[in-house]
S.K.: 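The structure under discussion is supplied below as C-alpha cells; questions concerning it will follow.
Within every chain, numbering begins at 1; the chains are lettered A, B, ... in the order of the sequence lines, protein sequences first and strands thereafter. These values consider heavy atoms only, across backbone and side chains, with no hydrogens, waters or symmetry-generated copies.
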Amino acid sequence: MTESVIDIKGLYKTYDSGFSALQDINLSIPKGEIFALLGPNGAGKTTLINTICGIVNPTGGSIRVNGYDVVREFRKAREQIGLVPQELTVEPFAKVFSTVKFSRGVFGKARDDAHVEKVLKDLSLWDKRDTITREISGGMKRRVMIAKALAHEPQVLFLDEPTAGVDVELRRSMWNVVRGLREHGVTIVLTTHYLEEAEQMADRIGVIQNGQIALVEAKTALMDKLGQKRLGVRLAEPLHAVPERLAGYDLTLEDDGRRLVYTYSAHDDRARIQPLMAELDAAGIHYVDIDTQQSSLEEIFVDLVGGNA
Amino acid sequence: MNWHAIKTIYAAEMARTWRTLFQSVVSPIISTSLYFVVFGSAIGSRINEVQGVSYGAFIVPGLIMLSLMTQGISNASFAIYFPKFIGTIYELLSAPISFVEIVISYVGAAATKSAALGLIILGTATLFVDIQIAHPFWMIAFLVLTTVTFSLLGFIIGIWADNFEKLTIIPLLIVTPLTFLGGTFYSLDMLPALWQKITLINPVVYLVSGFRWSFYDTADVSVGLSLGMIGLFLAACIAVVAWIFKTGYRLKS
C-alpha cells in the first residue's frame, strides 16, 4: 500500500455563525502525488487547505501530515508543509532574497543561503534577488510566494489557485516547476479554476461541493468514466433529419445537416462505432471526413456540480 | 522553542527600524527635543525648581516615559497589524511557531526599539540639562517593565484593530492624554487638592512617579505603589494576550 502523506479523517469545520464549511471530509493523499482539488466558489477548497495548514481551527476530526497530528503535533506537522495562498501577499518593502530567507527562518530552519539561491534559480528569480517585491510583476510575485513556501524544504506543497491571473507562458513554466518538485518527492495539493491545469498536471482529482468531498478519482479513470466522446462525420451531402434506421444511436445534426455527430461514453460504447459506420454505408450516406473529441475535465466538472461551477 | 523563528522575526523587525529610520528614530528624538526647547527652556526658565530639581531636568523622566509608552505601542501594534493588513499573516499562522514565540519576537523587538529610543532621548537630554540617576538599577527596571508592558498593549491593539483608525485611536485618544495628565510636566503637589486626588486614577501617574524617583530620589507616590501598578498593568496585558492565544481572537477562525 502506498504511504499516505496526508490523512484526513472525519473532518468538520463549523464557524461560529453556524455555517458548516466542511462536513465529514475523509481523504488520503499518497506521497509524491499531484492532487487537484476542484469545486465551485465557496465549496470549501480554501477552508480545507487552511485547516490542514493550521490557519483555521478544525471543529472535529483529525488531520495527519506525514504521520503528525496538525493540532497536537503542530510543529512537526507544519514543518512538512509549504503553503502558497490564493491572494498575492508578499511583504512589499522586502527584497526578494531576504523575504525568502525570512520564510526559511520562520519555519525553524537554520540559515542556508545556498538553498535559497537554488530555489530562486529554479524559479527564475535569481536576477530579481535584490529587487524590492513591490517593484516586480504579479507573475513574479506569485513565484516569490512559491519560493517562500519552498524555502524550508517542505514535503507537501499546497498551491491555492497558483496560476490565477498569470499569463499562459508563465503558467506553463509553473507547471514545469511543479512537475520538477514532484520528481524530487514533494507531494502537491492544488486548487484551481483552470481545469486545463488539473487535466495537465494532476494524478488524482477530488471534487468538493458544499463542504463535502463529492468524489476522488484518478484523473484518467475519471475522464474515462465520466467523459463523453463525440464522433463527428462530415457528410458529402447534407441531411434534413437523422435517418430512422440510425435511431438507436445518439446522433445529432450540426452545421445545417452537413455534420453528423455521434455522442457516446468513452467508457462503454466505443464498440458501437464500427456498426454505426456500417449502417451509414448501408444507408448510402457518404462522408468525407471523420474526427473525434473527448469532453474536457471542465465539461465533466460542470456535469458533476450541476452547472454551479 | 523555535529559536530560529524568534531570531528571524526579531531581526526582521529590527531591520525595519533602519528602513524607516526617520519615522522610527529621528522623528521621536526631534519631538522630544522640541519639548525640551519649549517646556524646558522657554517656559521652564520661568519656573522655579520642582521637588528640588530644575524644571528642565524634572521633565526628563516624564518625557522618556512618554516616548517609551507611545513608541512601544506604536512599534508593536504596527508590527503585528501590518502582516494582517497585507495578508502575510498566513505565513506566521502556518509556520511551526507558537503564539508565545510570536509575542516574544514582536514584543521583544518593539520593546528593544522603544527602550533604545528612551536611552537615546536620555542622551539627548544631557545636551540640554544636568541629569542625575540616583538608582540606575531601578531606572533600567522601570524602563524595561514599561517598554515591555506597553509593547504588549500595542500588540493587543494591533490584533484588535481591523483598520488604521483603530490602530491609532487608543494611543491618540487614551494614552497620550493620560501621559500628559500623568505628571509628565508637573508635580502632583502643583495641582489643586481635588485634582491631586482625581489624578491618582490615572495609571500613568505611578509610572512617571516611579521612573522620576529612580532619577532624583523624589516621587509623587510611593515607589512600591508605582512598581505594584506597573506589575498589575503587565499582568493584565499578559492575561489578555493569553486569552488571544487561547481563542485565536482575530487571528484564526
S.K.: More than 12 heavy atoms of other residues, nucleotides or ligands under 6.0 Å from NZ of B:Lys166: is that the case?
M.R.: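 Result for NZ/B:Lys166: enclosed.
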S.K.: Tell me whether A:Lys141 at atom NZ has more than 12 heavy atoms from other residues, nucleotides or ligands lying less than 6.0 Å away.
M.R.: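 Enclosed: over 12 neighbouring heavy atoms sit under 6.0 Å from NZ of A:Lys141.
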S.K.: Quick check: does any side chain N or O of A:Arg78 sit under 3.5 Å from a backbone N or O of B:Leu93, one acting as donor and the other as acceptor?
M.R.: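 Between the backbone of B:Leu93 and the side chain of A:Arg78 there is a qualifying donor-acceptor contact (under 3.5 Å).
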S.K.: Any chance CH2 of B:Trp3 has more than 12 other-residue heavy atoms, nucleotides or ligands included, within less than 6.0 Å?
M.R.: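 No.
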S.K.: On a heavy-atom basis, which atom in A:Val106 and which in B:Ile9 lie closest, and how many Å separate them?
M.R.: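 Scanning both residues completely, I find the closest heavy atoms to be CG2-CG1, 4.0 Å.
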S.K.: Name the member of A:Thr47, A:Leu83, A:Val56, A:Asn57 that forms the most heavy-atom pairs with chain B at distances under 4.5 Å.
M.R.: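 Of the candidates given, the most pairs with chain B belong to A:Asn57.
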S.K.: Does any backbone or side-chain atom of A:Val70 lie under 4.5 Å from a heavy atom of chain B? Answer side chain, backbone, both or neither.
M.R.: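 Contact with chain B involves no heavy atom of A:Val70 at all.
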S.K.: Roughly how far apart are B:Tyr90 OH and A:Thr89 OG1, rounded to 0.5 Å?
M.R.: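 Reported value, rounded in 0.5 Å steps: 5.0 Å.
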S.K.: So for atom CH2, which belongs to A:Trp126, do other residues, nucleotides or ligands contribute more than 12 heavy atoms lying within a distance under 6.0 Å?
M.R.: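 Atom CH2 in A:Trp126 is crowded, with more than 12 foreign heavy atoms closer than 6.0 Å.
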S.K.: Chain B heavy atoms under 4.5 Å from A:Glu91: which part of the residue, side chain, backbone, both or neither?
M.R.: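 Both parts, heavy atoms under 4.5 Å.
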S.K.: To the nearest 0.5 Å, tell me how far B:His4 NE2 sits from A:Arg104 CZ.
M.R.: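 If we round to the nearest 0.5 Å, B:His4:NE2 and A:Arg104:CZ are 9.0 Å apart.
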S.K.: Identify the heavy atoms of A:Phe74 and B:Pro96 that sit nearest to each other, and give their distance.
M.R.: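 So the minimum-distance heavy-atom pair works out to CE1-C, 4.3 Å.
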S.K.: Report which part of B:Ser98 has an atom under 4.5 Å of a heavy atom belonging to chain A: side chain, backbone, both, or neither.
M.R.: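 Interface part for B:Ser98: both.
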S.K.: Got a sec: does the NZ of A:Lys9 have more than 12 other heavy atoms crowding it under 6.0 Å?
M.R.: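 Atom NZ in A:Lys9 is not crowded, with 12 or fewer foreign heavy atoms closer than 6.0 Å.
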S.K.: Does atom NZ of B:Lys84 have more than 12 heavy-atom neighbours from other groups under 6.0 Å away?
M.R.: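 Atom NZ in B:Lys84 is crowded, with more than 12 foreign heavy atoms closer than 6.0 Å.
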S.K.: Out of B:Thr8, B:Ile97, B:Leu92, B:Ile89, return the one with the most heavy atom pairs under 4.5 angstrom to chain A.
M.R.: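 Looking at each of B:Thr8, B:Ile97, B:Leu92, B:Ile89 in turn, B:Thr8 comes out on top.
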S.K.: What part of A:Lys76 gets within 4.5 angstrom of chain B, counting heavy atoms only: side chain, backbone, both, or neither?
M.R.: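 Looking at A:Lys76, nothing touches chain B.
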S.K.: When rounded to the nearest 0.5 angstrom, what is the spacing between CZ in A:Arg75 and CD in B:Glu101?
M.R.: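 Between A:Arg75 CZ and B:Glu101 CD, I get 4.0 Å after rounding to 0.5 Å.
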S.K.: If I measure from the heavy atoms of chain B, does A:Phe102 come under 4.5 Å with its side chain, its backbone, both, or neither?
M.R.: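 A:Phe102 touches chain B through backbone and side-chain heavy atoms alike.
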S.K.: Only pairs of heavy atoms separated by less than 4.5 Å count here; which of B:Ala95, B:Ala5, B:Gly87 has the most with chain A?
M.R.: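 Top option by heavy-atom pairs under 4.5 Å: B:Ala95.
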S.K.: Under 4.5 Å heavy-atom distance to chain B, tell me which part of A:Ile55 shows up: side chain, backbone, both or neither.
M.R.: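 Both parts, heavy atoms under 4.5 Å.
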S.K.: What pair of heavy atoms forms the shortest contact from B:Asn2 to A:Gly108, and how long is it?
M.R.: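 The pair with the smallest heavy-atom distance is OD1-CA, 3.2 Å.
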